[in-house]
Amino acid sequence: MKILGIESSCDETAASVVEDGYRILSNVVNSQIDIHKQYGGVVPEVAARSHIEVINPVINKALQDASLSWENIDGIAVTYAPGLVGSLLVGTLAARTISLIRNIKLYPVHHIEAHVYANFLVEIGDGIREMGNEKWEMPSRQPKFPILALIVSGGHTQLVYFRNHGDYEILGQTCDDAVGEAFDKVAKIIGLPYPGGPSISEAAKSGDPLAYKFPKAHMQNAYDFSFSGLKTAVLRAIQQEVGVDITFPSTGLAERLNDLQRNNFASSFQRVAVETLVDKTVDAFYRFNPKSVIIAGGVAANQELRRILKQRIPIDIEYAPINLCTDNATMVACLGYYYAQKMPSIDPLELEVYSSLSMNKTKWN
Ligand code: KG4
Ligand code: ZN
């Protein structure tokens with residue numbers, strides 16, 4: 001069964017074809033990072049306009065790269081929540097139109113749940129998948145249920161326990177900022193480019209993780225997260241370091257930091273952010289005893305997070321290649337395949353988008 005996935009929830013326009021819920025036939029991602037870099041973050045209206053410009057070419061290329069025509073596509077999966085409304089509208093409208101005029105079944109997919117399914121994409125055999133000029137190291141087998149998933153992206157931070165496809169429980173989530181958002185905001189304060197995750201982890205390599213001490217938030221539910229206090233603690237420490245008071249604007253701080261201070265702040269922030277994620281995942285691991293532990297979402301690309309989690313959990317930690325951790329449509333197509341096994345397709349005229357929607361609302365068992 002071949003599913004075309006379409007993703008446009010934030011600043012990536014993506015389309016992919018996945019076969020039988022595991023084999024990538026194509027993966028096209030048009031990133032808007034260069035456009036949003038100049039503003040230090042995603043501008044919703046600009047994002048939506050850019051999606052409109054490229055959505056059709058991106059979808060056509062996904063078919064072309066897979067050497068398929070519309071007759072070969074058995075279903076379309078599209079992200080309908082959560083995300084930027086204007087951006088979601090572009091992807092869903094494209095999917096609805098194609099579904100209607102080509103008479104192909106349509107499956108709406110939850111973006112955060114889809115991130116988890118990047119881990120179900122495998123390459124049987126040596127695990128190497130050639131994508132254009134690139135060679136990706138893919139897992140050669142899928143995770144086993146029950147699965148503990150740490151889902152960490154620019155918009156979400158959740159620990160989820162999956163008993164099976166569509167049968168899961170959210171153990172905890174962030175009460176304020178998502179961890180990726182904290183990376184992005186701290187990067188902006190210390191003068192590193194957007195997106196903050198990769199630039200902080202690069203700067204952190206040359207910094208001292210113990211140069212500054214930041215607090216970890218203690219939550220009533222041990223599996224919940226909070227990152228806004230950490231971000232404020234970094235801000236206060238920088239103000240102190242450069243000798244200004246707390247009313248001094250955060251936008252004026254970066255130019256007062258030298259490279260050593262910048263790297264030390266990046267490294268000390270990353271240490272506490274990563275330890276917070278790891279501590280809670282380790283607790284949940286020993287309480288729920290899952291067969292697989294996976295990390296999903298853009299922050300799963302963080303090498304320190306992977307390294308420390310591996311050290312502290314006695315089973316293999318599973319994660320996708322970096323290109324599949326950040327937003328893409330293969331994960332959408334992959335989840336669409338499992339929806340298609342259990343759920344009816346949706347009338348293309350009925351599909352709506354939701355800027356915020358809990359994964360709990362999409363449970364399909
Ligand atoms: O999953 P994603 O591509 O989009 C959302 O659904 O939000 O995640 C984007 C987030 C951004 O906040 C970005 O800074 C973060 O993932 N990110 C990283 C790394 N690469 C991307 N965070 C930490 N370390 C990285 N290496
Ligand atoms: Zn995402």
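Side chains included, hydrogens not; waters and symmetry mates left out as well; all remaining heavy atoms used. Counting starts at 1 for both ligands and their atoms, in listed order.
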Counting heavy atoms under 4.0 Å, the part of Pro198 that contacts ligand 1 is both

Looking at His111, the N/O/S atom that lies nearest to the Zn ion (ligand 2) is called NE2

Near Gly155 (heavy-atom distance under 4.0 Å), the atoms of ligand 1 are 7 (O)

Residue Lys144 excluded, over 12 heavy atoms near NZ under 6.0 Å | no

Note: His156, heavy atoms under 4.0 Å from ligand 1, region reported as neither

### Task
May I ask you to check whether Phe120 and His165 place their ring centres under 6.0 Å from each other?
yes

Grouping ILVMFWY residues whenever side-chain heavy atoms fall under 4.5 Å, the cluster of Val58 otherwise contains Val28, Val54

Per salt bridge (charged side-chain N to carboxylate O under 4.0 Å, His left out), Glu275 is matched among Lys280, Lys216, Arg312 by Lys216

Parallel, tilted or perpendicular, as decided by the 30° and 60° cut-offs, for the rings of Phe288 and Tyr161: tilted

In ligand 1, the atoms that come under 4.0 Å of a heavy atom of Asp184 are 11 (C), 12 (O), 13 (C), 14 (O)

Per-atom filter on ligand 1: closer than 4.0 angstrom to a heavy atom of Thr326 are 3 (O)

* Parallel, tilted or perpendicular, as decided by the 30° and 60° cut-offs, for the rings of Tyr117 and Phe162 -> perpendicular

Checking distances from the Zn ion (ligand 2), one finds that the N, O or S atom of Asp327 closest to it is OD1

Donor-acceptor under 3.5 Å (Asp224 side chain, Gln173 main chain):
yes

| said: So that I can check it, does any N, O or S atom in His156 come closer than 2.8 Å to the Zn ion (ligand 2)? | reply: no

Within 4.0 Å of some non-hydrogen atom of His115, the atoms of ligand 1 are 1 (O), 6 (O)

One finds that the ligand 1 atoms under 4.0 Å from a non-hydrogen atom of Ser201 are 26 (N)

Check your understanding: If we only count N/O pairs under 3.5 Å, is Gly180 in contact with ligand 1?
Key -> yes

Under 3.5 Å: donor-acceptor pair, side chain of Ser268, backbone of Asn264: yes

Quick one about Gln38 and Tyr194 (side-chain donor to acceptor, distance below 3.5 Å, no hydrogens or angles considered), yes or no? no

The atoms of ligand 1 lying under 4.0 Å from a heavy atom of Val299, numbered in the order shown, are 15 (C), 16 (O), 18 (C), 22 (N), 23 (C)

Cys10 heavy atom under 4.0 Å from ligand 1: no

His111 heavy atoms within 4.0 Å reach ligand 1 at atoms 6 (O)

Logged contact type for Gln303 with ligand 1, heavy-atom cut-off 4.0 Å, is neither

Without swapping roles, check the side chain of Thr157 against the backbone of Ser153 for a donor-acceptor pair under 3.5 Å. no

Without hydrogens or angle criteria, can the side chains of Glu7 and His111 be said to hold a donor-acceptor pair below 3.5 Å?
-> yes

Output yes when the distance from some N or O of ligand 1 to some N or O of Gly298 is under 3.5 Å, and no in every other case. yes

The Zn ion (ligand 2) -> His115, closest N, O or S atom is NE2

